[in-house]
2 protein chains.
Amino acid sequence: MNSTNSNTNNHSASTAPAVLRGLASRGYSITGQRRCLVEFIVSHSRHFTAEDLLNDLRDEGVKVGRATVFRTLDLLERTGYVGRVRDGERMAYTACGMEGHHHHLVCSSCGQVLHLEGCPVAGMLEEIQSRTGYRIQHHSLEVAGVCPSCQR
Amino acid sequence: MNSTNSNTNNHSASTAPAVLRGLASRGYSITGQRRCLVEFIVSHSRHFTAEDLLNDLRDEGVKVGRATVFRTLDLLERTGYVGRVRDGERMAYTACGMEGHHHHLVCSSCGQVLHLEGCPVAGMLEEIQSRTGYRIQHHSLEVAGVCPSCQR
DNA sequence: CTATATGCAAATTCTTTGCAAATCG
DNA sequence: CGATTTGCAAAGAATTTGCATATAG
């Protein structure tokens, strides 16, 4: 599924080599499993659970343990390469590029994730901060809908 | 609503009797446990987990089982009286009034929840909808920060 | 060669469920 | 009273951990 939309993209924001380089530069080893996990993650536009990832990798013939999947997802989340999205009952992961702040539009039918560039609430947060006295740290915006192909 | 702030409030948006009436009108029984749970929830401005709720109620001397807490939270979520917020690792609940759509500002230090009235992204969603072809269903915006008293 | 990462299986944590007893209306 | 709700304890998910082995650098 390739979109050529102006300021929306459903490509992963980073390539696998870029993510791997990023991990390496922070001192993490690039193991076979991490390579496979990262390649899988950046090439899939739908969100997934740890279990999905484990099963799909094993179906592809990758030899990997459950603990490694959890540990790697945790690592990738801490380093900012994946984020979590809540889709109804499921708590799933999705690739997030390193290009910083953005939001997600998730198809509630197929799980496709569109990364929305730009932040529509930045201005509002300024205002909230000065009005409430809270020191704003971060925020998340998740939008759920039905993608064009699932509407058919 | 007796909020002293212009468009932010940290009161629960409903009173316990109102919530109980709402449940009754939908055909649910008003049991002692539900009454206590609802009273507790609407009178607390911080978010909480099921476990927190169970422990706090038991500390108060309320006789309630764990299953009832989960079942009641589920009921209140389905009926729109509580919502879930993710605060870092914790997945917590917070009281939500029946006044419909709003967002949360959560203190990452003490868990205090401010309910933000109005929706800063409504316009943007229209635009996304027409540009992407997604049929937007719902969205959630969560803002995390440090409340004034935790800053001290 | 040494530190890091992995796999397994057991341990934890969180949540749900079956069913008899209690309670609401 | 009859239907709904509750509590318990057991079952089920989801995730984490300990430790011996394998691998990256």
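Every chain is numbered from 1 and lettered A, B, ... according to where its sequence line falls, protein lines coming before strand lines. Just so it is clear, the structure is predicted and the values come from calculations on it, not from any experiment.
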Query - OP1 or OP2 of D/dT5 under 4.0 Å from side-chain N/O of B/Thr68 - result: no

Query - A/Gln33 side-chain N/O to D/dA22 phosphate OP1/OP2 under 4.0 Å - result: no

Report task. Take atom CG of B/Leu54 and atom P of C/dT16, then tell me their distance rounded to the nearest Å. Result -> 14 Å

Query raised in the report: Is any side-chain N or O of A/Ser29 closer than 4.0 Å to OP1 or OP2 of C/dA3?
Result: no

Report task. Figure out the CG/P separation between A/Leu23 and C/dT4, and round it to whole Å. Result -> 15 Å

Query raised in the report: Angle class for the B/His102/B/His115 ring planes (parallel below 30°, perpendicular above 60°, tilted otherwise)?
Result: tilted

**Report entry** Side chain of B/Arg34 (C-beta onward), nearest among C/dC8, D/dT5, D/dG7
**Finding:** D/dT5

Query raised in the report: Rounded to whole angstrom units, what separation is found between the CZ atom of B/Arg84 and the P atom of C/dC14?
Result: 13 Å

Query raised in the report: Checking side-chain contact (heavy atoms from CB on, under 4.5 Å) against B/Val146, which of B/Gln112, B/Gln151, B/Arg152 comes through?
Result: B/Gln151

Report task. Classify the nucleic acid contact of A/Arg66 as base, sugar-phosphate or nothing, counting any heavy atom under 4.0 Å across all strands shown. Result -> base

Query - Whole-Å distance separating the CD1 atom of B/Ile30 from the C1' atom of D/dT6 - result: 15 Å

Requested in this report: For residues A/Ala95 and A/Val42, report the shortest heavy-atom separation together with the two atoms involved.
Outcome: CB-CA, 4.5 Å

Query raised in the report: Choosing from C/dA5, D/dG7, D/dT5, which nucleotide comes nearest the side chain of B/Tyr28?
Result: D/dT5

Query raised in the report: Between A/Glu77 and A/Arg84, is there a salt bridge with N-O shorter than 4.0 Å?
Result: yes

**Report entry** Which residue lies more 5' along DNA chain D, comparing B/Val69 with B/Glu89 via nearest heavy atoms
**Finding:** B/Val69

Query raised in the report: What's the CZ-C1' distance between B/Phe70 and D/dC8, to the nearest Å?
Result: 15 Å

Report summary line: Of B/Thr49 and B/Arg35, the one whose nearest nucleotide on DNA chain C sits closer to the 5' end is B/Thr49

Requested in this report: Rounded to the nearest angstrom, tell me the gap between atom CG in A/Leu57 and atom C1' in C/dT6.
Outcome: 14 Å

Query raised in the report: Where does the angle between the aromatic ring planes of A/Phe48 and A/Phe40 fall among parallel (under 30°), tilted (30 to 60°) and perpendicular (over 60°)?
Result: perpendicular

**Report entry** Given D/dT6, D/dT16, C/dA5, the nucleotide with the shortest approach to the side chain of A/Thr31
**Finding:** C/dA5

Report summary line: Between A/Val64 and B/Gly32, whichever has its closest DNA chain C nucleotide further toward 5' is A/Val64

**Report entry** Selected nucleotide, minimal atom distance to A/Arg71 side chain, candidates D/dT15, D/dT6, D/dT17
**Finding:** D/dT17

Query raised in the report: Which one, D/dT15, D/dG7, C/dG7, comes nearest to the side chain of A/Ala50?
Result: D/dT15

